[in-house]
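Values below: every heavy atom of this structure, side chains too, minus hydrogens, waters and symmetry copies. Quick caveat: nothing in here was measured; it's all calculated off a predicted structure.
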Amino acid sequence: MIDKEFLMIPGPTPLPPKVVAAMTQPMINHRGPKFKKIFLESIELLKKMLNCDDEVYMFGSSGSGAMELAVQNFSLRGDKVLVIDTGFFGQRFYEICLSYERDPIRLKFPSGKSANINEILEVVNKNKDIKTIFITHNETSTGIINDIKNISKKLKEKTDALIVVDAVSSIGISEINMKDWELDVVVAASQKGLMSPPGIGIVAVNKRALEFTLNNKTDSYYFNIKELKKRHDLGEPFTTFPVSVLFGLREALNILFEEGLQNVYQRHENFKYLIRESLKLTNLKFLANDEDSSPCVTAILLPENINGENFVNRLRERYNIELAGMFGDLKGKGFRIGHMGFMNSNDLLVTISGIECTLKDFNYNFNFGEATKRFLDLRREMNI
């Protein structure tokens, strides 16, 4: 029997065949003209995706490396900074700030809740000396998305602090508009909505943020915007680059633009709706409410008598469906479905059916088959 795995986690995500094929090209000189062409084309596509009129830099890194770069280059040792924590990756921003001797205020929101702008403004009004604000756009650990557009607008009325957004799991899935939303820095990576393997970190900066980092001392050598800029101005990476991943990323960006970004964003909203509306019939509890819920990932709690790790293992071993477990205090209490990147409604159908079958395997009391039927009815109505 041929095994077919359904990779339904919040990254890395499935790769389009064209992306896989692109990465099989022979290795090239990362300082040569062929590389420069692909490198600059990819940067222009990223600028267009983010509506960034200024600078986008790429470097070899995971998403966490891009977050670390943001702390090192857009705040200084001893600076008071605000970290808006809506989950595991908000906590990571906080820990990075501590590692580099910033003075972070951690505004933590309950699991499954998005950031409340009124609470943010209360902290900002009490701390006029905040220099930089760090916030995650989409939080994969809890399945929420923050309203960055509104948060940034309200913050700009009250503070001159730089606004740094972690868009690692939202780029290519949900709209990010740097210019219109007045975002100073956006960090991202290749392995989620951009439908490429891990390996490329991305940072987009506006003029104000660039001036800040060019005029101040940076804590890092490798993650140094000054060094990135010197090479990028020549159409080159700073250090040895993951060349094959770049081949894939350029191809993936072309695929996304061929589909049309608004179509991409709507597709992910449709996926979220299909999953939530169908699984509501199992009577399982969602971690996030409908309003705060992410178009990238859905987090679902299980009853106390079903261990989340065992549930995820059962789905993998019996049905070849790879879901993600929970983090931190929620570990073992549920599971997360990634619905991002290269997938269609057939992948979701298999996942919904597999979840129902696994619930039955664990003797969960519900109307077996209703969620799958609801999914099929909705998909027919939506014609997707």
Whether the side chain of [X] engages the backbone of [Y] through a donor-acceptor N/O pair (distance < 3.5 Å, no angle test) should be reported.
X      : Y      : answer
Thr159 : Leu155 : no
Glu277 : Phe375 : no
Asp79  : Leu76  : yes
Glu5   : Leu7   : no
Thr218 : Ser220 : no
Ser196 : Leu194 : yes
Gln25  : Ala22  : yes
Ser152 : Ile148 : no
Ser294 : Val297 : yes
Ser174 : Ser170 : no

Audit row: Asn307, Arg314, side-chain hydrogen bond (donor to acceptor under 3.5 Å, both in side chains) steps and yes/no: CA-CA 11 Å; Asn307 178 273; Arg314 179 74 168 187; over 6 Å; no
Spacing of [X] atom [atom1] and [Y] atom [atom2] [to the nearest 0.5 Å]:
X      : Y      : atom1 : atom2 : answer
Ile9   : Leu323 : CD1   : CG    : 9.5 Å
Leu69  : Phe74  : CG    : CZ    : 6.5 Å
Glu269 : Tyr265 : CD    : OH    : 11.5 Å

Do you know the tightest heavy-atom contact between [X] and [Y]?
X      : Y      : answer
Ala188 : Ala167 : CB-O, 4.0 Å
Arg231 : Phe238 : CG-CA, 3.6 Å
Ser293 : Ile145 : O-CG2, 3.6 Å
Pro17  : Phe342 : CD-CZ, 3.6 Å
Lys18  : Ile255 : CB-CD1, 4.1 Å
His137 : Glu175 : CE1-O, 3.6 Å

Does [atom1] in [X] sit with more than 12 non-hydrogen atoms of other residues, nucleotides or ligands closer than 6.0 Å?
X      : atom1 : result
Lys131 : NZ    : no
Glu304 : CD    : no
Lys108 : NZ    : yes
Lys226 : NZ    : yes
Asp329 : CG    : no
Asn125 : CG    : yes
Asp160 : CG    : no

Answer whether the closest heavy-atom distance between the side chains of [X] and [Y] falls below 4.5 Å.
X      : Y      : value
His232 : Ile43  : yes
Arg92  : Glu68  : no
Met67  : Phe93  : yes
Val71  : Arg102 : yes
Phe223 : Phe59  : yes
Met23  : Leu15  : yes
Tyr273 : Leu378 : yes
Ile200 : Ile202 : yes

Linked, directly or transitively: [X] and [Y] (ILVMFWY side chains, under 4.5 Å):
X      : Y      : value
Phe134 : Val123 : no
Met58  : Val19  : yes
Ile176 : Ile163 : yes
Met343 : Val20  : no

Between [X] and [Y] (salt bridge meaning N to carboxylate O under 4.0 Å), is one present in this structure?
X      : Y      : answer
Glu211 : Arg208 : no
Asp103 : Lys80  : no
Arg380 : Asp377 : yes
Lys230 : Glu227 : yes
Glu41  : Arg250 : yes
Lys280 : Asp290 : yes
Arg77  : Glu101 : yes

Asn270 and Arg267: CA distance, side-chain angles, deciding distance, side-chain hydrogen bond (donor to acceptor under 3.5 Å, both in side chains) verdict: CA-CA 5 Å; Asn270 290 342; Arg267 172 164 57 85; over 6 Å; no
Ring centers of Phe241, Phe39 separated by less than 6.0 Å: yes
Aromatic ring proximity Tyr364/Phe362, centre distance under 6.0 Å: no
Test log, rule side-chain hydrogen bond (donor to acceptor under 3.5 Å, both in side chains), inputs Gln266 and Gln262: CA-CA 6 Å; Gln266 186 59 54; Gln262 292 308 313; over 6 Å; no
Exercise: do Tyr319 and Asp361 side chains pair donor with acceptor under 3.5 Å: yes
Flag for Asn206-Asp54: side-chain donor and acceptor within less than 3.5 Å: no
Sole residue of Ile135, Asn127, Thr132, Ile120 in side-chain contact (heavy atoms from CB on, under 4.5 Å) with Leu82: Ile120
Ring geometry between Phe35 and His30 (parallel below 30°, tilted from 30 to 60°, perpendicular above 60°): perpendicular
Aromatic ring pairing Phe311/Phe335, orientation class (parallel under 30°, perpendicular over 60°, tilted between): parallel
Intermediate values then yes/no, side-chain contact (heavy atoms from CB on, under 4.5 Å), Leu281 and Asn283: CA-CA 5 Å; Leu281 297 185; Asn283 296 319; over 6 Å; no
Residues Met195, Leu256; criterion side-chain contact (heavy atoms from CB on, under 4.5 Å); working and verdict: CA-CA 9 Å; Met195 304 188 301; Leu256 289 169; 3.7 Å; yes
Ser114 vs Asp292, side-chain hydrogen bond (donor to acceptor under 3.5 Å, both in side chains): CA-CA, chis, key distance, verdict: CA-CA 6 Å; Ser114 64; Asp292 293 342; 2.9 Å; yes
